[in-house]
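Right, one structure below, let's go through it.
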Number of protein chains: 2
Amino acid sequence: MATIRDVAQRAGVSVATVSRVLNQNGYVNQDTEARVMKVIKELDYRPNTVARSLANRKTGTIALILPTIMNPFFSELSRAVEDSARSRGFTVIFCNSDDLDTREQTYIDVLRQKYIDGIIFASSSLGEEDLAVINENGIPLVVLDRALREGNCSVIRSKNAEGARKAVHHLLATGCRKVAHIAGPQELITAQERLRGYRDVVKDLDWFEESLILPGQFSITGGKGAVQALVEAHPDVDGIFAGNDLMAIGALKALHRMGIKVPEEVSLCGFDGIGATEWTEPELTTVAQLIYEMGARAALHLIDRVQGYTDQVEDLELDVHLIERGSTRRRKY
Amino acid sequence: MATIRDVAQRAGVSVATVSRVLNQNGYVNQDTEARVMKVIKELDYRPNTVARSLANRKTGTIALILPTIMNPFFSELSRAVEDSARSRGFTVIFCNSDDLDTREQTYIDVLRQKYIDGIIFASSSLGEEDLAVINENGIPLVVLDRALREGNCSVIRSKNAEGARKAVHHLLATGCRKVAHIAGPQELITAQERLRGYRDVVKDLDWFEESLILPGQFSITGGKGAVQALVEAHPDVDGIFAGNDLMAIGALKALHRMGIKVPEEVSLCGFDGIGATEWTEPELTTVAQLIYEMGARAALHLIDRVQGYTDQVEDLELDVHLIERGSTRRRKY
DNA sequence: ACAAAATATGTAACCGGTTACATATAGCAT
DNA sequence: ATGCTATATGTAACCGGTTACATATTTTGT
């Protein structure tokens, strides 16, 4: 591979001049520029990004830390992030954390050493102190789905509580008399907020009791398990609000296996709006987040900060909307 | 951030010595080493990866080029790649190509400039010439799911034709009298091979005709469309082999919508073995690939080559196996 | 006891860019 | 004609590591 010095020599100029041509800064004579460009073409010269990164401490790379890419929610999110990054000439490094903080720690260490320009954090188990460490290193940070007291860090999240309320109201409106909630792991803010939304609506209804809230790990198996326990404890449940779509899918499977008809006997509503909610039968009613937009906004805002177009941190709450499908349907009594 | 010179100065040695301590090479006195290590701890020094990369032309980064991460097959594959890479201290850059060759070209350019150590190519539309370009640049390459004449490039693929034969044999064995095939885009080798496998089995059966082969784009919508056309043209079809699971899911939806019972009236078999085949009702019979293993092998082998542990290219054919589920069931006549 | 080999450490060039600073010429106002 | 500014280009230090080579000391072999 040709280097900048090869180009300089062949064009009869100094490396500084070539660099100026490359970066379109400083004064360069038109003729000189043309000559340099010609040589660049001839040699098929491409500036070495690593050398560039070393010199100006920018790598054109951002990292996306997420629990696991195998969760469709994060697949879509990361697709958005990569699309947006590419449109701005950035590349993306992926990190599956499995929500393990040791793993997150390790990643952050590695990323720091690699001069990563910025990080999008979609994995929620990292403590505030750790985030502070990143900040100290001056790495711009965008966090998804959590509120932070500390200021120097952008946050983008969905209206989880509001979405949960929408879901439960919808279930009640379609005629449910007793609505249970399959909750995600309470370490995660999203899971907390959705549970809160559920509580907001049902807490004063006479049928409500704590045992209508079951843990489901945000996973398919968790959703299945929750339904089994639920039906045993509350055979009269006729509505389920699952804290995410994967649990809803699991719930649907379990209900089917138990011979309970959806939506005739039990209505079911998920949360997230992943594509797979249209793959089941019946299709799942769900509270859709603007997943792609979330990823795109996160990436574009992060890159804006990296490039110094803005130094303001953002705190965005994205709308959610209910998508009514076959798993909930108005019932007549 | 402390630099190697800071460490050297504080420890009263030269940078070369510190470097030797860091890389565990060359001669270093025990006491000196201890002293250097102590200073490293004190300063919380981490070697700058970018500088290192520039010096030794290795970045500890590999790239994975795939059609789109939103296809669950590739989600799982990339999970495997990332896990394996991490276990060897490598990071992974993701590239969604959407099977556009311009996009792939651009990526390769960028990756070359970034001194990426190696590339895993899971996107099949790139021509041989382009692959040659990568090879000329000396970038180790592992290609998934395609055969290449040219030698200097490892290939890992599944036994697609064999898998397809298994699928069709299974459908016939469960009592199907007329089996159609929903095929993927024929630019892709995998799609070709699966179609070939289907042909191998049915070509001499009296009911076979070309119009039983329908294009389905490897997508859900494609699968739906294919089924609609199929049922119109061949109402007597009682078995469908879909070239991948997404199309099978689409087919299942369409059949359901048309009131055709699976497996009672039509048996359905997919290909890939993605998790979502267990999310549908009935669950989908499918020819499972060793997706995770494919990704893991690709990554580990690539890194072996990057690190010079081997310079042999690999040509691996992974086994596939039929998973029988509810979408195909033995019928009695 | 002496040469050869092993151990220990330092100097400085190098990887391939960027950029502060120095220098030189041309254009323009006074 | 003089001084000031805008234009044009080059020199060399710098980013933060690695490593070839030189040098000095210690150990080993005979």
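Nothing here was measured: the structure is a model prediction, and the numbers come from that model. The figures that follow rest on heavy atoms only: side chains count, while hydrogens, waters and symmetry mates do not. In what follows, every chain begins at residue 1, and chains take the letters A, B, ... in the order their sequences are listed.
Between the side chain of A:S97 and the backbone N or O of A:R103 there is no donor-acceptor pair closer than 3.5 Å. Side-chain atoms of B:T32 never come within 3.5 Å of backbone atoms of B:V28 as a donor-acceptor pair (strictly under, hydrogens ignored). Judged by distance alone, with hydrogens and angles left aside, the side-chain atoms of A:D117 form no donor-acceptor pair with the main-chain N or O of A:I62 at under 3.5 Å.
Between the side chains of B:Y27 and B:R20, no donor-acceptor pair is found at a separation under 3.5 Å. With hydrogens and angles left out, the side-chain atoms of A:K114 and B:T91 include a donor and acceptor closer than 3.5 Å.
The side chain of A:R57 places no N or O atom within less than 4.0 Å of a non-bridging phosphate oxygen (OP1 or OP2) of C:dT18. Of the side-chain N and O atoms in A:N56, none sit less than 4.0 angstrom from OP1 or OP2 of C:dT19. OP1 or OP2 of D:dG16 lies within a sub-4.0 Å distance of a side-chain N or O belonging to A:Y115. For the pair A:S14 and D:dT11, the criterion of a side-chain N or O lying under 4.0 Å from OP1 or OP2 is not met.
Straight-line distance from the CE atom of B:M1 to the P atom of D:dC14: 20 Å, rounded to whole Å. In this structure, CZ of B:R112 is placed 14 Å from P of C:dG16, rounded to the nearest angstrom. Remark: P of D:dT19 and CD1 of B:I4 are 11 Å apart, rounded to the nearest angstrom. Rounding to whole angstrom units, CD of residue B:Q9 and P of D:dG16 are separated by 14 Å. A straight line from CG of A:N23 to P of C:dT19 spans 7 Å, rounded to a whole angstrom.
Nearest to the side-chain atoms of A:R52 among the listed nucleotides C:dT18, C:dA12, D:dG10 stands C:dT18. Picking from C:dT18, D:dG17, C:dG16 the nucleotide with the shortest atom distance to the side chain of B:L54 gives C:dG16. Distance from the side chain of B:N48 is smallest to D:dG16 among D:dG16, C:dT18, C:dG16.
If you check every strand for non-hydrogen atoms under 4.0 Å, B:T17 touches sugar and phosphate atoms only. Residue A:V13 is in sugar-phosphate contact alone, with no base atom involved, counting any heavy-atom pair closer than 4.0 Å across all strands shown. Using a 4.0 Å heavy-atom criterion, one finds that A:T3 contacts the sugar-phosphate atoms exclusively. The residue A:R5 sits close to a base: some heavy atom pair falls under 4.0 Å.
Contact of the B:I40 side chain with the B:L22 side chain is registered, since non-hydrogen atoms from C-beta on lie closer than 4.5 Å.
Rounded to 10°, the angle separating the first-five-pair axis and the last-five-pair axis of the helix from C:dA1-D:dT30 to C:dT30-D:dA1 equals 40°.
Considering only residues two or more places apart in sequence or on other chains, A:R88 meets the salt bridge (charged side-chain N to carboxylate O under 4.0 Å, His left out) condition with A:D304.
Residue pairs meeting the ring-ring contact (aromatic ring centres under 6.0 Å, His included) criterion with at least one member in residues 76-104 of chain A, sequence neighbours excluded: A:F94-B:F94. The salt bridge (Lys or Arg N to Asp or Glu O under 4.0 Å) pairs that include a residue from residues 6-18 of chain A are A:R10-A:E42, where partners are two or more places apart or lie in different chains.
In terms of position on DNA chain C, the residue among B:A51 and A:V18 whose nearest nucleotide sits closer to the 5' end is B:A51.
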(request) Please report the C-alpha distance between A:D83 and A:R79 in whole Å, then the side-chain angles of each, then the deciding distance to 0.1 Å, and finally whether the salt bridge (Lys or Arg N to Asp or Glu O under 4.0 Å) criterion is met. (result) CA-CA 6 Å; A:D83 283 348; A:R79 178 69 218 241; 3.1 Å; yes
(request) Quick one, give me the B/S/- string for nucleotides 20-26 of chain D, reading 5' to 3', where B means a protein heavy atom under 4.0 Å from the base and S means that only happens at the primed atoms, P, OP1 or OP2. (result) -------
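Around CD of B:Q9, the count of heavy atoms belonging to other residues, nucleotides or ligands within 6.0 Å does not exceed 12.
With A:S154 as the fixed residue, the side-chain hydrogen bond (donor to acceptor under 3.5 Å, both in side chains) test singles out one of A:E314, A:H301, A:Q312, A:R297: A:H301.
Only B:Y27, B:V28, B:N29, B:T32, listed by number, bring a heavy atom of residues 24-44 of chain B to less than 4.0 angstrom from any atom of DNA chain C.
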